[in-house]
Each structure stands twice: as structure tokens, then as C-alpha cells.
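Structure first, then comments.
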Number of protein chains: 2
Amino acid sequence: MNIKEVASRTGLPAKTIRYYEEIGLVTPDRAANGYRSFDRTHVHKLAFLARARGLGFSIEDCRGLLALWEDRDRASGDVRAIAKAHLAEIEEKIAGLQEMRATLSDLVAACHGDDRPDCPILKRLETG
Amino acid sequence: MNIKEVASRTGLPAKTIRYYEEIGLVTPDRAANGYRSFDRTHVHKLAFLARARGLGFSIEDCRGLLALWEDRDRASGDVRAIAKAHLAEIEEKIAGLQEMRATLSDLVAACHGDDRPDCPILKRLETG
DNA sequence: CATAAGGGTTCCAGTAATGGGAAGGTCAAG
DNA sequence: CTTGACCTTCCCATTACTGGAACCCTTATG
């Protein structure tokens, strides 16, 4: 299977698939003409990566998950640890963004937003 | 005022201040020995930048806000538009992260996380 | 047979916003 | 005079790709 076919099956851009090969996440075969040649297992692996990335796991997380996925004897606790750490990161990000949102929506609400130059948003950025 | 003093007053690392000069956000004077020389207005501007960045505005947003801040006659509506757009972005990010969190916390809860190899997290990543 | 379209390949550069570190100039104190 | 704390510029690394140039392969059509 050529790269474009794999791209449409996994939803990953061809560029991204080449990049994943470059960093050692997949290792497709090569046809005589130099084209990458993917089989079912490569596609499966790439689809796994697409889903994990979609859940926000970093590339290095994915590398770890992939290794665990391929290890028939891994402990589910190992996987869970990665997922839990990632969950904690997500929660931190959410908290930070919610704080920003609160401040910003206050500011937007306070600003009359017309043609007059008086603006509480700038005032706030000015003085802290 | 030398750069380290400015760094400690604004909370911005010296590296970042140099970078802000490089991209044209501030233009400190230069002393005879080549050292950057900041005055009150530079510090004020950098403090403004630090606050805006702290609220998650991008550098380009900051450039726009700074221009409006320095324009005595700007319309507050212009500022408000930038802030509202940024607020919308933040809200999108929060929504995306909350979705991830929901999925992930379901998965973490479903995984017994012990020494056995059976793992719902990987299973889910495997099959979508 | 020439050619054009639509694959594929590699490599180089750029993104956002810094951070790290090297190599070297300057300044104040002991 | 030397030490140590500053300052300078310059270049590389980061994350996870994305875009583009230059070039090869395959197939269909005039």
C-alpha cells in the first residue's frame, strides 16, 4: 500500500507519516522503486498513533504506549501510569485556561467597546 | 537601567527581553559600551507585554494591543475585538481539553492498573 | 513517441516563543 | 591584577509538524 492510501485510511497527512518514520515510530518496507510500502500492521500502528495523538498524548508518550501495546506481557499499570500523568497535565492546562477565561471575560464585559478611547482592558494590562 | 534590573522588575527573563527587542516590540537605547539601556517607558511597555502574555495573548496579539495602547485615540472597540477573539480561542481550547479529560478519565477508571496485561486503555486506542 | 497528470522521493527551511550555552567584552571591588 | 558578575552576539535545540523545491516513477492520452 502506498502512502496516500495509508493517509486516507488513518486520517494522517502523508507528511506526518513520513515524519513518524523518520523518528522511528513506524518502519514501512520499501518497494523496488523506492516507494514506501505499508502493510496492515503498519496501518494499524499508525491508526493507533492517530488516536493517541488525538487524545493529546505527546509523541514520546505515544512511543511508550506503542512499546507497551506491542509487549504482550506488559502490566496494565504501566499504561495507566502514562495515562494518569497525561490526565494530570490536561487538568492543569484546563485550570490555567479557566483562570485566563475568567479574567478576560470580566475585562471584555467591562469594556464598552465603542468609538471612545477609554478602555478598561488596556488599563488593566497597563497597571497589572 | 541594565537588562537584569529590567528583568527583575518585569518578571521577564533577560533572554526574552532581548528577543522582544529583536522582533521589534521594544527598542531600548544603547550605552557607549554597547549595553542596552532601558528607561521607565521601556520597562512599562515590557510589563504590559508580560501581563498580556500571561493572559495568553500571542506575540502578534501583543503587538496589536501595544499599538492600540500607544494610540491615544484608538477606539476601545478595537481592543475589545482582539480580546473577544482571544477569549473565543481559549474557550475552544478548554472545550477540547475537557473532552480529552472525559475520555481519558473514563479510560483510567476502567483500567484496573495492576500486573495483568489486560488493558482497556490500549484496547481503546487500538480499535478507536 | 512525447507529454502531462498525478503519484512518489529527499532535503531544506520555517513555525511560536523562548531556553541553553559558548566565546568574548566590561565593570567594580579587593 | 585578578576575580566574578555582568553584558554582548551567535548558534543550536525544543514540539510536531507543514510547505516548497527539485527530481523520479507510472499511466493515459494525442
Side-chain angles (χ1 to χ4, degrees), chain A residues 1-39 42-43 45-46 48-66 85-86 89-90 92-93 96-97 100, chain B residues 1-38 42-43 45-46 48-66 85-86 89-90 93 96-97 100:
Chain A
M1 203 182 317
N2 283 350
I3 200 167
K4 207 171 191 208
E5 173 74 14
V6 179
S8 85
R9 287 197 196 196
T10 59
L12 292 169
K15 274 267 184 187
T16 300
I17 296 172
R18 290 195 195 97
Y19 172 67
Y20 286 174
E21 180 187 13
E22 192 188 323
I23 63 175
L25 289 179
V26 260
T27 311
D29 300 329
R30 292 292 175 141
N33 59 10
Y35 286 17
R36 286 170 183 81
S37 173
F38 299 85
D39 63 23
H42 297 129
V43 175
K45 213 162 165 178
L46 286 165
F48 178 99
L49 286 168
R51 284 184 214 104
R53 293 284 302 126
L55 280 174
F57 285 100
S58 74
I59 291 284
E60 288 316 306
D61 281 344
C62 288
R63 201 187 293 282
L65 289 170
L66 218 43
H86 181 43
E89 273 174 38
I90 287 176
E92 244 180 75
K93 275 188 202 163
L97 286 171
M100 281 186 207
Chain B
M1 202 184 313
N2 282 350
I3 199 165
K4 206 171 192 206
E5 173 73 15
V6 178
S8 85
R9 288 197 195 196
T10 59
L12 292 169
K15 274 266 183 190
T16 298
I17 297 172
R18 291 196 195 97
Y19 172 66
Y20 287 174
E21 181 187 14
E22 192 188 321
I23 62 174
L25 289 179
V26 261
T27 311
D29 299 329
R30 292 291 175 142
N33 59 10
Y35 287 17
R36 288 171 182 80
S37 173
F38 299 84
H42 297 130
V43 175
K45 212 163 166 179
L46 286 164
F48 179 98
L49 284 167
R51 284 183 215 105
R53 294 281 305 126
L55 279 175
F57 285 99
S58 73
I59 292 283
E60 288 315 307
D61 281 343
C62 289
R63 201 188 294 281
L65 289 169
L66 217 44
H86 180 43
E89 272 173 39
I90 288 177
K93 273 187 205 164
L97 287 170
M100 279 185 209

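All figures in this text were calculated on a predicted structure; none of them were measured in a lab. Below, chain A is the first sequence line, B the second, and so on; all start at residue 1.
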In whole angstroms, the gap separating P of D:dT15 from CG of A:Leu49 amounts to 17 Å

A:Tyr35 atom OH is separated from D:dC25 atom C1', nearest whole Å, by 4 Å

Under 3.5 Å, is there any donor-acceptor pair linking the side chain of B:Lys15 to the base of C:dG21? yes

**Report entry** Carboxylate-amine/guanidinium contact B:Arg9 B:Glu5, below 4.0 Å
**Finding:** yes

Residue set satisfying salt bridge (Lys or Arg N to Asp or Glu O under 4.0 Å) with B:Glu22, at least two apart, ordered chain then number -> none

Between CD1 of B:Ile17 and C1' of C:dG19 the distance, given in whole Å, is 14 Å

What residues 18-34 of chain B contributes to the DNA chain D interface at heavy-atom separation below 4.0 Å is B:Arg18, B:Arg30, B:Gly34

For this session: Indicate whether OP1 or OP2 belonging to D:dT18 is found under 4.0 Å from a side-chain N or O atom of A:Thr16.
Result: yes

Separation of D:dC6 atom P from B:Phe38 atom CZ, nearest Å, is 16 Å

Residues in residues 56-64 of chain B with a heavy atom under 4.0 Å of DNA chain C, by number, are B:Ser58, B:Ile59

(Q) Is it the case that the side chain of B:Arg63 and the backbone of B:Ser58 share a donor-acceptor pair, with hydrogens and angles ignored and the cut-off at 3.5 Å? (A) no

- Message: The test is salt bridge (charged side-chain N to carboxylate O under 4.0 Å, His left out); show your working for A:Arg18 and A:Glu21 and say whether it passes.
- Response: CA-CA 5 Å; A:Arg18 290 195 195 97; A:Glu21 180 187 13; over 6 Å; no

In whole angstroms, the gap separating C1' of C:dG6 from CG of A:Asn2 amounts to 12 Å

When rounded to whole Å, the CG to C1' distance for the pair A:Leu46 and D:dA16 reads 15 Å

Whole-Å distance, A:Glu89 CD to D:dT15 C1', equals 13 Å

